[in-house]
2 protein chains.
Amino acid sequence: MTAAVSAVPSEPRDPQRIYSIAELAREFAITARTIRFYEDEGLIKPRRQGLTRLYTAGDRTRLGWILRGKRLGFSLAEIKELLDLYQVDRTGVSQLRELLRRSREHIEDLQRKRRDLDAHIKEFEDVEIQVAAELKKRGAETGND
Amino acid sequence: MTAAVSAVPSEPRDPQRIYSIAELAREFAITARTIRFYEDEGLIKPRRQGLTRLYTAGDRTRLGWILRGKRLGFSLAEIKELLDLYQVDRTGVSQLRELLRRSREHIEDLQRKRRDLDAHIKEFEDVEIQVAAELKKRGAETGND
DNA sequence: ACCTACATTGACGTTAACGTAAACGTAAAC
DNA sequence: GTTTACGTTTACGTTAACGTCAATGTAGGT
């Protein structure tokens, strides 16, 4: 999970570009198998040229979104739901109402998560401060080079 | 994963209290099996009275910490590492240095996660705004009761 | 025509994180 | 004294999220 800053998701890309599966795999530091698996699960639907998969800039963005969701601890099933939220037809008023309700729900969920995260960060910052102080007391450098 | 605000982790508790496994399970909305599993994995080590497990307020806090970590998308292995970080002996200077390094590393990881989270929230807030506007345009109430 | 690099589809294996069932101990309640 | 409620261990089952072959296709270079 906690990989060392591998994915390089944002460069000035032209929206016409087409990506191969290996390209996307490299860029996001995942395997092609993973991307195909996401397709099996209905998370992405690339065009085909014969059998070969062709990914648009939109597909690439979508993939990035999926991976970000994963990093935040959502399951693929949850991520699929959220992606489908965008895709849903917005013709009917009842659909719009539902969409609004769901996205508010999700925002609350994210905000809960944010509170958890902030609490977590605060604790570790406390550790850092105290340990740094202890080191200083012992006359050692704290590692700020 | 995304349960509906179930755990009620903070009440004015006295630090002398002892908890049964079922009590903690109820409070955190998990099963006893899960708690025992965490013990097998070395995440908590309750006292025993014969065979029966007795949990202190510290154990309870620890359990809450574990579950928060899970909500944030950390694996149990990662959580164990982080918990052990606190437990490590802080006698030697080299241990302190290592502890400092690790906790800084972890803070950076959490901050990355926070950026992910903020981006996610922003996107959904945009959806909310636009959908609400669309609904208003159509003369329907937006659902703010 | 052949090699090489990269693509494809199955199909089975694997790991993490528990669930579930069996078989049993213990202590209070009826 | 036996039901009820809770606890225990042991062990096998399950689901999600991929990994790992194996067999095969395809496009480009020499």
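The sequence lines fix the lettering, A, B, ..., with proteins before strands; numbering per chain opens at 1.
- Annotation: R47(B), atom CZ; neighbour count of heavy atoms from other residues, nucleotides and ligands within 6.0 Å does not exceed 12.
- Between the CZ atom of R47(A) and the C1' atom of dA7(C) there is a distance of 16 Å, rounded to whole Å.
- To the nearest angstrom, P of dC6(C) lies 15 Å from CD1 of I35(A).
- A straight line from CZ of R26(A) to C1' of dA5(C) spans 12 Å, rounded to a whole angstrom.
- Residues R60(A) and Y19(A) approach most closely at CD-CZ, 3.4 Å, considering heavy atoms.
- Note on ring orientation: taking the six-membered ring where Trp is involved, the planes of F74(B) and H120(A) are parallel (angle under 30°, cut-offs 30° and 60°).
- Here R112(A) pairs with D109(A) in a salt bridge; the nearest charged N to carboxylate O distance falls below 4.0 Å.
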Practice task
Map every base of DNA chain C to its dot-bracket character, where paired means a Watson-Crick or G-U wobble contact with both distances under 3.5 Å and | marks a partner outside the strand.
Solution key: ||||||||||||||||||||||||||||||
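- Per the geometry, CD1 belonging to I21(B) stands 9 Å off C1' belonging to dT8(D), to the nearest Å.
- Note on D118(A) versus K122(A): no salt bridge recorded, every NZ/NE/NH1/NH2 to OD/OE distance being 4.0 Å or above.
- Residues E98(A) and R101(A) are paired through a salt bridge, judged by an N-O separation under 4.0 Å between the basic side chain and the carboxylate.
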What protein N or O atoms touch nucleotides 15-19 of chain C N or O atoms at under 3.5 angstrom, if any, and at what distances?
residue	atom	partner	partner atom	Å
dA17(C)	OP1	L76(B)	N	2.8
dC18(C)	OP2	Y38(B)	OH	2.7
dC18(C)	OP2	K70(B)	NZ	2.9
dG19(C)	OP2	T31(B)	OG1	2.7
dG19(C)	OP2	T34(B)	OG1	3.1
dG19(C)	N7	R33(B)	NE	3.2
dG19(C)	O6	R33(B)	NH2	3.0

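- Applying a 4.0 Å cut-off to non-hydrogen atoms, none of the residues of residues 49-57 of chain B approaches DNA chain C.
- Straight-line distance from the CD1 atom of I66(A) to the P atom of dC18(D): 10 Å, rounded to whole Å.
- For the atom pair CD (E108(B)) and CG (L110(B)), the distance works out to 10.5 Å, reported to the nearest 0.5 Å.
- Using bins of under 30°, 30° to 60° and over 60° for the plane-to-plane angle, the ring pair W65(B)/Y86(B) lands in the perpendicular bin.
- Using a 4.0 Å cut-off between charged side-chain N and carboxylate O, R17(A) and E27(A) make no salt bridge.
- No chain of hydrophobic side-chain contacts below 4.5 Å, direct or via other Ile, Leu, Val, Met, Phe, Trp or Tyr residues, connects L100(B) to V88(B).
- Distance, D40(A) CG to dG19(D) C1': 14 Å, rounded to whole Å.
- At least one side-chain heavy atom of R53(B) sits under 4.5 Å from a side-chain heavy atom of E39(B).
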